[in-house]
Each structure stands twice: as C-alpha cells, then as structure tokens.
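Okay, so here's the structure we're looking at.
Given the structure is predicted, the values throughout are model-derived calculations rather than measurements. We use all heavy atoms of the structure for the numbers below, so side chains are in, but hydrogens, waters and symmetry mates are not.
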Amino acid sequence: MENSFEPGLIESKWYAMWEANGLFKPAASGEPYCIQLPPPNVTGTLHMGHAFQQTIMDALIRYHRMRGYRTLWQGGTDHAGIATQKIVENQLAAEGTTRHDLGREAFVERVWAWKEQSGSTITNQMRRLGASVDWSRERFTMDEGLSAAVRRVFVQWYRDGLLYRGRRLVNWDPVLMTAVSDLEVNNEEKDGSLWSIRYPASDGGEGLVVATTRPETMLGDVAVAVHPDDERYQALIGKTLKLPLTSREIPVIADDYVDREFGTGCVKITPAHDFNDWQIGARHGLEPIVVLTLDAKINDDAPVKYRGMDRFVARKAVLADLEAAGLLVETKKHKLQVPVSQRTDAVIEPMLTDQWFLDLTRDTLPDGRPGGRKAIIEPALAAVRDGEIRFVPDNWATTYNQWLENIQDWCVSRQLWWGHQIPAWYDEQGNIFVGEDEADALAHATTRPVGALRRDDDVLDTWFSSALWPFSTLGWPGETPARAAEWEEFKAFVPSDVLVTGFDIIFFWVARMVMATQYFTGKVPFREVYINAIVRDAEGQKMSKSKGNTIDPLDLIDGIELESLVKKSTASLLIPQVREKVEKRIRKDYPDGIPAVGADALRFTFAALATYGRTINFDLKRADGYRNFCNKLWNATRFVLMNAGDAAQPTASAAPATEAERWILTRLSRTLDQVEAHFASYRFDLLAQALYEFVWNDYCDWFLELAKPALAPAGASAPGAGAADAAASTRRTLLVVLDAVLRALHPIMPFITEELFHEIQPALAAVGATNASTLGSGGSPGSISMRRYPRAADYAVDDAATAEIEWLKAVLTQVRRIRSEMNIAPRREIPLLYTGGGAADRARAAKFGAQIAFLARAESQRWLDAGEAEPAAAAAIVSDMKLLIPLAGLIDLGAERARLEKEIARIDGEIAKSSTKLGNFGEKTPATVVEQEKQRLADFTSTVEALRQQLERLRS
C-alpha cells in the first residue's frame with residue numbers, strides 16, 4: 001500500500017464503485033430502515049449545515065445497512081418555487097426581457113431547461129461527501145409521480161371541506177408579487193422612528209394621540225382602540241374621531257389586546273395592513289380598507305394627493321402634511337423589527353388578497369364533518385403525546401406542540417408560475433371547480449359551469465409538496481400500474497425511522513409532514529425526529545457571507561489556496577468596505593489557505609461535534625486533528641501488514657494465545673457496546689470519542705506496542721505461550737481487530753475504511769478471519785459497506801486478562817514518564833527495581849518480565865531485598881508497588897528533586913480539593929459518592945507520602 005494517506009486518490013474511485021454496483025439500494029432481507037433526505041433546493045449548493053446533517057444521516061444509513069436492515073435513504077430535490085423562479089427571471093433580465101414577454105408556458109419550459117442543466121449541482125456535491133443515497137430512486141418535487149400526489153391531496157382535502165378560497169391577510173413580497181411564508185421572511189432590527197399623531201375628536205375635542213412606526217398606513221385606519229379598563233379614555237369609548245388627512249370618521253373601540261402601559265395606551269387599527277389589527281377588526285366587525293397596491297404603492301381608496309406614490313414616498317408626504325396641520329405631536333428614534341424578504345430584501349407588507357387556505361382551526365365544518373383541527377391537528381398532537389413520534393432531544397417536542405396548539409389556517413397559494421399549478425378552474429361567474437384535471441373537476445361539479453372555464457393562475461406553496469415527501473416519494477397514490485406496484489413494495493418504509501433536520505423548520509416542514517402523512521396513509525411519517533445543531537464558526541458566530549466566515553465543505557475536502565479563497569469569498573460582496581473587511585479577515589484566519597483534510601476527516605469532525613446542543617462551533621483545527629487520525633489508522637494498517645508476513649504459518653488458532661490479545665478484544669467488545677448505545681441515542685459525539693480513543697489509544701498506542709515482543713525475531717513470547725504460537729496468534733488478532741475497527745469506523749469514515757479493507761483482505765484470508773464478517777445473501781463481499789457491522793458479543797470479554805494488562809500498561813507508562821521527564825534517551829537501557837507491593841505484583845513482574853525488558857528497554861529487573869536501602873533513584877508508584885530507576889550515571893539529581901517537588905505540590909493540591917469536597921458533603925450526598933471520594937483521598941495520601949520519602953532520600 002501507499003506510504004501515506006492521500007484522500008484525493010481514493011475518494012472518487014470508491015464512490016464510483018459503490019454507485020455503479022448499486023450498493024445503496026435496499027437489497028438486504030432484514031427489517032426495513034428508512035431515512036428521508038430533507039430535499040435540498042434544486043438551486044442550492046452544499047453548505048456546512050448540509051454537510052453536517054448529511055454526515056449524520058449517512059452514518060445512520062451505513063450502520064443499519066451493515067446491521068442487515070433493508071435500508072433505504074430516499075433522496076431528491078425540491079423545486080424551490082420562489083428561489084428557482086427568481087434565478088431564471090434574473091437570467092431573463094440580463095437578456096433584456098421578462099417572464100411576461102415569454103408567457104407562462106415558454107417561461108416554465110425555460111425553468112425546466114435550467115433545472116436539467118444546473119439542478120444536479122448539490123447532488124453531485126453530496127457524492128463528494130460520501131452520501132450513500134439510493135440515487136436510482138432520486139425524486140424531484142415536480143416530477144410526474146410527485147405532481148400526481150400533489151393533485152390528489154389538494155383535491156381530496158378540498159372535497160373533504162378542508163381547503164377553501166378566501167380573502168385573508170398574508171405576508172406579501174411587493175417585488176416578487178406573491179404571498180410568502182414566515183420562513184421566507186427575516187425580521188431585521190433597524191433604526192426607525194416612532195411618530196405620535198393626534199386624532200381630533202369629531203365633536204371638536206382634543207381626541208386621542210396614537211403612536212405608529214408606519215404613518216402611511218393611517219390612510220387605511222378604521223378605528224382607534226383603548227383598553228376597556230383604562231380610566232383615561234372611558235368617556236371616549238363609542239365616540240368617533242376625525243381621521244387626519246382624510247374626510248372619514250372612525251370609532252374609538254375597547255379591546256383587551258391594548259397594553260395601556262405602552263405609549264399613550266391608544267392603538268390605531270388598520271386591519272388590511274397589520275396582522276394584529278386584522279384580528280381586532282374581525283372581533284369588532286370592522287370593514288378593512290386596503291390602501292396599498294400589490295407593488296406597494298398608494299391605491300385609489302386613499303385621498304387623491306397620495307395615489308400612486310410609493311409607500312415610503314407617501315410616508316414622507318403624510319408626515320409633512322400632519323406637521324403642517326399641527327397634528328404631529330412627537331418624533332422619537334425607535335429600534336424596530338422589520339420583516340424583510342429573504343429573496344428580494346424588500347420590506348414585507350401584510351396584504352389582503354384572495355388565497356387558498358387549508359383549514360386547521362375548525363373543530364366542525366358547517367355540514368357536520370370534522371374540521372381541520374379535529375381531522376388534522378389533533379392527530380398530529382396525539383402522535384407526539386402518545387409516543388408514536390419522539391423528538392431527540394425531547395425538549396423540541398414542546399416547540400412542536402406549542403405551534404400546533406396555536407396554529408392558524410395555512411395559506412397554500414403563491415402568485416408564481418414555477419410550481420404545482422392549483423388544480424382549480426373558474427367559470428365566468430367565479431364558481432370554483434376542483435379536480436385532478438378539468439374533466440375530473442366537471443365530473444364532480446354540483447353546478448353546471450357558466451361559459452368557458454379558466455384555470456387558477458396560482459401555484460402551491462413549495463412546502464405543500466414537500467409535506468407529502470414521506471409517502472409521495474414511494475409511489476403514493478399509485479395513479480399508474482407502475483406507481484401502484486412501487487407503492488405496494490415501498491409502503492413498508494412508512495413510517496421512516498428517523499428524520500434528521502434543523503429546529504428552524506419544525507413548523508414549516510416537520511409538523512406538516514405529520515399532518516399530511518397521517519391524513520392520507522393513516523401512519524406517522526417517522527418514528528423519531530433528531531434535531532441537529534446549527535453550525536457556527538469557531539467563535540460561535542453565525543456563518544454569513546457578509547462576515548467572510550462561511551466555509552465551503554468542498555474547500556475543506558479538497559483544500560484551497562489563499563488567493564482563490566479570497567476571490568471566492570468576496571465575489572458577491574458589492575460594498576467596497578465590506579469586501580475589504582472580509583478580505584482582511586480571511587487573510588488573517590487562513591494565511592496559508594485551507595489545507596485538504598479529505599471527506600473522512602471532515603465527516604469525523606462533524607460526528608465529534610454532534611452533541612445535543614442547539615449550536616456547534618466548527619474549528620478547522622479539529623478537522624486537521626482528525627486528518628492526523630486518518631494518518632494514524634493508515635500507518636497502523638501498514639505496520640500490521642508489514643508484520644503479517646507468514647500469518648498462516650503455523651496456522652493461527654481462533655483462540656488468542658496471549659493476555660494482550662484477550663485485553664484488546666475485551667476493550668473492543670466494551671467499545672462496541674458503547675457505540676451501539678450511542679447510535680441508538682444519536683450521541684454521535686460520544687460515539688466518535690469512543691472509537692477515537694479505542695483506535696488511537698488502545699489499538700495503535702498500546703496493542704501495536706504490546707504485540708511487538710511476540711512478533712520480535714528474538715521471540716520475547718507472552719507468558720504461557722510458545723514463541724511461534726504467540727506470534728501467529730498475535731498476527732491474527734492484529735488483523736481481526738483491525739478488520740473490526742475498519743467496519744466500526746466505516747459509517748463515519750467510508751473512504752479510508754474501504755481502501756484499507758481491501759488492503760488487508762489477503763492477510764485476513766490467510767488467517768481464515770473473513771467469513772464471520774460477511775453479510776448474508778443480500779451482501780456483497782466486494783465492499784466493506786456490505787460487511788456485517790461488528791457487535792460487542794462477537795468478541796470475548798476477559799476481565800482477568802484485562803486486569804493483568806492494565807497492570808503492565810501502568811508499569812510501562814510510569815517508566816516512560818520517568819524517561820521523558822528525566823530526559824533519558826529512548827534507546828538507552830535502564831536498570832529497574834521494584835519494592836513494596838504484594839504477591840500479585842511479584843507474580844506479574846515475573847510473568848511480564850520479558851515484555852517489560854523489551855518494551856521498557858530494561859537491562860535488568862529485580863526486587864529489593866527486605867531491609868535493603870533504596871538507592872538514589874527516580875521513583876513512581878503503581879498501586880502499592882514502587883518502581884525505582886537508579887539514577888547514578890543516568891540523570892541530573894537536582895532535576896529529579898525538582899520534579900518530585902512539583903509532583904508533590906500537584907498531589908497536595910488534589911488532597912486539598914478532595915478534603916474540601918468531603919467537608920462539603922451533606923446528609924443527602926449518596927454514600928457511593930462519599931466512599932469514592934474517601935478512596936481518592938487515601939490514594940493521594942499514600943502516593944504523596946511515598947514521593948516525600950523518595951525526595952528525602954535524594955536530598956540526603
């Protein structure tokens with residue numbers, strides 16, 4: 001094998017093999033296991049959040065595939081209505097034309113052409129990460145099958161009385177000219193003003209003063225509200241005010257919504273342009289007045305002077321006229337939250353428009369059928385309450401419940417051309433006909449249409465089709481024989497096992513999938529919802545292009561040199577000051593660019609960071625560290641193969657011949673037990689830590705060392721075994737454990753483990769250690785991904801051998817520590833003396849004498865005779881036994897005295913802390929905790945006393 005690990009040389013090779021051989025299909029015969037990929041936008045590119053989330057999903061999928069489950073990772077992309085339409089509209093603008101110039105049909109064809117050309121960017125990037133999605137089943141939310149599902153759901157909900165068309169207030173983007181969801185709106189804090197305006201009383205009195213941040217909307221005011229218990233305004237309730245700048249009079253109403261302690265305690269009510277005002281207006285039967293056009297200009301229902309003005313131009317005009325009229329009482333600076341469109345940066349307007357809504361609030365419909373709350377919301381709440389769906393961490397269930405308990409009807413229509421066109425038609429009198437096509441709509445009509453039918457121009461909210469993702473991707477509703485057969489085969493994957501997603505779309509996607517899947521399949525969409533953390537930079541700052549702290553996952557995998565990184569990070573920044581600031585930061589943070597760490601190290605970093613926390617801070621140094629971990633594994637494999645030589649001569653027995661082997665197999669079993677528990681609880685950080693510590697510490701740092709005496713030509717064989725038997729058995733165990741390590745790591749680090757798996761196959765075959773690892777008939781021996789995942793029960797536990805080896809490790813550790821601290825050359829042989837201890841220590845010292853001589857480079861070993869004075873020596877304590885390395889001719893005695901003084905001071909500090917703890921324990925402290933601390937104190941006291949005696953001997 002190659003001398004060094006170079007990820008770029010192996011990653012593309014193995015992914016191409018996996019995909020070409022169909023290894024990601026659900027081929028095994030075990031229980032079904034499914035994860036539905038949250039479909040990324042077809043417009044998107046892989047970012048750190050995607051990479052983190054997909055690493056978690058892929059680890060779960062590969063783990064269960066290796067466990068023999070019939071495993072499906074269902075992938076695909078979302079048509080991303082607004083984002084995709086905007087991209088193509090921008091392309092048209094650059095060509096000097098618009099979608100209206102093309103017409104709807106030609107524009108939609110243009111979008112499809114763009115999708116075919118550029119829409120696979122993110123899925124190709126997912127392959128670079130190693131995502132083992134079943135690409136043969138890749139779905140797109142606008143493909144034929146999913147479109148059929150969308151039509152079926154819309155029609156069925158309509159016929160069940162749950163979908164209706166109505167005039168309601170929605171978030172409106174005046175640039176895109178469409179309603180948008182809350183998810184597509186950012187609330188940004190901005191500097192603004194709070195204007196206090198006097199509304200005179202109709203009878204000539206002073207009237208009331210109201211405060212507003214949007215004075216232009218006063219043109220649509222229909223009332224002023226005060227709190228019913230506010231004594232200041234009792235006399236005015238029921239009377240009217242003159243609405244400034246207009247000829248209208250409006251009433252003073254009383255409503256509990258008003259906070260009498262805020263401002264003047266008077267609130268202007270503009271139902272057509274404010275969500276809270278809409279609810280107040282509905283309670284009081286107030287007719288809303290719309291004063292804005294869909295492109296945010298003042299309309300013809302406002303006074304003539306302001307008609308046609310842009311809303312912000314009108315604001316200035318209104319304020320000037322109020323001041324001229326002496327009605328502008330006060331202007332104060334004010335911080336306010338402004339709703340801004342994610343897509344256009346336009347300020348969102350609450351707008352009264354005709355839209356389609358899904359009823360989620362009524363218990364019963366007028367005809368007696370169950371309304372949306374009974375039919376959709378209550379089952380969705382019960383699914384979590386009754387444990388059919390479990391959130392991990394479980395606190396997110398509260399977020400889910402609170403949203404559903406306070407839910408409003410869902411606006412499902414959008415004024416776009418790209419998307420699922422609503423399957424509704426209108427006759428010349430405005431009667432509505434709904435069906436999967438026009439013929440179906442007429443067949444189910446209760447009245448005859450008047451004149452020609454016109455199809456609804458609107459499309460459905462992107463979240464409508466993605467809400468159907470758990471079952472529409474699997475063949476439902478089976479509208480063709482092929483889709484019916486697909487649904488029959490794949491409906492076993494409903495519910496899927498876990499949804500991995502972010503907390504920010506619990507409302508918009510998670511809850512809606514529960515609603516739709518329960519309603520149309522009678523099942524929950526998934527059994528568990530793992531809410532992954534949000535990835536931030538090393539300082540905990542949100543990743544943002546304007547801050548220059550975003551990282552492209554592919555730049556970590558492949559590396560990128562500094563100038564290319566600067567150019568890439570500043571390309572989209574138009575403001576010179578921001579561009580300069582970002583460039584300065586990048587040059588400071590990445591003076592040498594970003595070194596390539598490979599996909600495996602990046603994936604292991606994500607796993608190691610995946611706690612239950614709300615956010616994780618991504619530090620490049622961690623990724624560099626796990627690149628070193630890859631190197632460690634690579635070099636360990638080279639060592640094993642170099643020493644595997646004649647592994648089958650003589651044939652190694654399956655039973656380990658040495659205690660070191662039995663110890664490493666015990667540690668392997670214990671580690672795999674932890675790994676299984678951590679996979680089940682989604683504690684990927686603990687899983688990664690357990691595997692890292694076993695591979696780095698137990699296997700590489702210790703077992704490879706403990707194996708060397710048995711493998712040495714001189715034959716420093718293990719106790720109780722002949723040299724040949726110990727060597728053959730050790731070689732076999734080295735390979736067996738390495739094979740288990742590669743299989744255990746594969747779900748997190750697929751590329752390097754596949755490469756090394758193939759490297760060790762000949763040696764494994766030579767010792768007959770491959771068959772036990774192969775899956776049944778569903779597996780293929782050509783890839784580690786189709787080998788059985790190692791289980792704790794596969795490896796015998798030997799606590800006695802473990803105790804023996806832990807003693808040997810402690811001795812070797814202390815000798816090495818003294819060598820390091822005393823600066824004794826690694827290859828220089830040393831005398832080693834033992835004193836104290838008991839019969840067990842003497843037996844172990846005798847048993848492991850050859851190993852200690854070999855690994856500690858001890859030229860001699862002996863126990864001090866009873867009464868024999870200890871020589872000037874460096875000392876260490878192993879339980880009740882003391883190790884002595886006579887220092888004559890080896891070290892500087894003054895340096896050793898200084899070392900002992902430093903160690904005594906450290907242990908004195910531990911004794912003080914332990915004593916304080918014991919003093920603070922109370923009656924409620926568990927007895928086990930008290931006893932544990934007492935034992936710690938006793939051990940520290942014994943150790944420090946021995947060290948003080950040694951220091952005295954050196955001083956004398």
Side-chain angles (χ1 to χ4, degrees), residues 35-44 46-54 56-57 74-84 122 139 141 171 179-187 339 341-343 358 360 376-377 380-381 383-384 389-408 410-412 414 419 460-473 495-496 498-518 524-526 528-536 542-543 610 612-616 682:
I35 294 179
Q36 291 275 354
L37 174 74
N41 287 355
V42 72
T43 60
L46 194 72
H47 57 60
M48 291 293 279
H50 287 135
F52 173 52
Q53 190 180 76
Q54 290 167 16
I56 299 304
M57 284 184 273
Q74 177 63 57
T77 50
D78 189 278
H79 65 279
I82 292 175
T84 306
I122 195 166
R139 295 291 183 261
T141 50
N171 288 318
V180 294
S181 75
D182 290 345
L183 189 65
E184 293 152 338
V185 177
N186 293 329
N187 286 304
S341 169
Q342 286 184 351
R343 308 298 180 187
L358 178 64
L360 300 173
I376 299 175
I377 298 304
L381 284 165
V384 172
I389 297 174
R390 182 174 77 96
F391 278 83
V392 182
D394 59 8
N395 60 286
W396 291 111
T398 302
T399 302
Y400 170 91
N401 290 334
Q402 286 176 343
W403 187 70
L404 283 179
E405 287 163 355
N406 298 283
I407 200 166
Q408 300 298 312
W410 174 15
C411 175
V412 300
R414 297 291 181 268
L460 287 164
D461 178 10
T462 298
W463 295 103
F464 191 96
S465 52
S466 58
L468 319 184
W469 190 252
F471 55 98
S472 65
T473 55
S496 61
V498 60
L499 175 72
V500 180
T501 191
F503 65 81
D504 52 337
I505 56 174
I506 290 176
F507 316 135
F508 302 97
W509 191 47
V510 178
R512 287 168 178 171
M513 283 191 289
V514 179
M515 296 177 196
T517 308
Q518 282 185 308
V524 293
F526 26 72
E528 294 180 312
V529 182
Y530 172 64
I531 301 297
N532 59 261
I534 302 300
V535 182
R536 295 182 178 269
K542 183 178 180 180
M543 289 192 175
Y612 278 178
R614 190 182 178 102
T615 61
I616 62 172
Y682 305 103

* Asked: So do the side chains of Asp394 and Val392 get within less than 4.5 Å of each other, counting heavy atoms only?
  -> no
* Structure fact -> Here the gap from Ile82 atom CD1 to Arg343 atom CZ, rounded to the nearest 0.5 Å, amounts to 6.5 Å
* To do: Would you indicate whether the side-chain heavy atoms of Thr84 and His79 approach each other to under 4.5 Å?
  => no
* To do: Kindly give the heavy-atom pair with the smallest separation between His50 and Leu46, and that separation in Å.
  => CB-CD1, 3.4 Å
* Considering all heavy atoms of both residues, which atom of Ala397 and which atom of Val384 are nearest to each other, and what is their separation? -> CB-CG1, 3.9 Å
* To do: Considering non-hydrogen atoms only, spot the tightest contact between Gly502 and Gln53 and give its length.
  => N-NE2, 3.7 Å
* Structure fact -> Sorted by chain and number, sequence neighbours left out, side-chain contact (heavy atoms from CB on, under 4.5 Å) with Phe507 holds for Thr399, Trp403
* Trp396 vs Arg614 side-chain heavy atoms within contact, under 4.5 Å -> yes
* Structure fact -> The reported gap from CG in Leu360 to CE in Met515 (rounded to nearest 0.5 angstrom) is 5.0 Å
* Asked: So do the side chains of Arg512 and Thr517 get within less than 4.5 Å of each other, counting heavy atoms only?
  -> no
* Asked: Are Met513 and Ser466 close enough, and set up right, to give a side-chain contact (heavy atoms from CB on, under 4.5 Å), and what steps lead you there?
  -> CA-CA 8 Å; Met513 283 191 289; Ser466 58; over 6 Å; no
* Pair Trp469-Asp78, side-chain donor/acceptor within less than 3.5 Å -> no
* To do: Dump the intermediate steps for side-chain contact (heavy atoms from CB on, under 4.5 Å) on Leu358 and Ile376, then the final yes or no.
  => CA-CA 10 Å; Leu358 178 64; Ile376 299 175; 4.2 Å; yes
* **Considering all heavy atoms, the nearest Ile531-Pro393 contact** => O-CD, 4.0 Å
* To do: Considering non-hydrogen atoms only, spot the tightest contact between Leu404 and Ile377 and give its length.
  => O-CG2, 3.6 Å
* **Separation of Asn41 CG from Ile122 CD1 (nearest 0.5 Å)** => 8.0 Å
* Is the closest side-chain heavy-atom distance between Val498 and Val529 below 4.5 Å? -> no
* Structure fact -> Heavy atoms of Val535 and Gly49 approach each other most closely as CG2-CA, 4.4 Å
* Asked: Checking side-chain contact (heavy atoms from CB on, under 4.5 Å) for the pair Thr141/Thr462: CA distance, chi angles, key distance, verdict?
  -> CA-CA 9 Å; Thr141 50; Thr462 298; 5.7 Å; no
* Evaluate the side-chain proximity of Val514 to Tyr400: yes if any heavy-atom separation is below 4.5 Å, no if none is. => yes
* Contact check, side chains of Ser181 and Arg414, non-hydrogen atoms, under 4.5 Å -> yes
* Stepwise side-chain contact (heavy atoms from CB on, under 4.5 Å) check, Leu499 with Glu528 -> CA-CA 6 Å; Leu499 175 72; Glu528 294 180 312; over 6 Å; no
* Going from OG1 on Thr398 to CD on Glu405, what distance comes out if it is rounded to the nearest 0.5 angstrom? -> 9.5 Å
* Asked: To the nearest 0.5 Å, what is the distance between CE (Met48) and CZ (Arg536)?
  -> 13.5 Å
* Side-chain donor-acceptor pair present, Gln36, Thr473, cut-off under 3.5 Å -> yes
* Over 60° means perpendicular and under 30° means parallel, so classify the ring planes of Phe508 and Trp463, tilted if in between. => tilted
* **Spacing of Tyr612 atom OH and Asn395 atom CG [to the nearest 0.5 Å]** => 10.5 Å
* Asked: Given side chains that start at C-beta, do those of Phe526 and Thr501 come closer than 4.5 Å, heavy atoms only?
  -> no
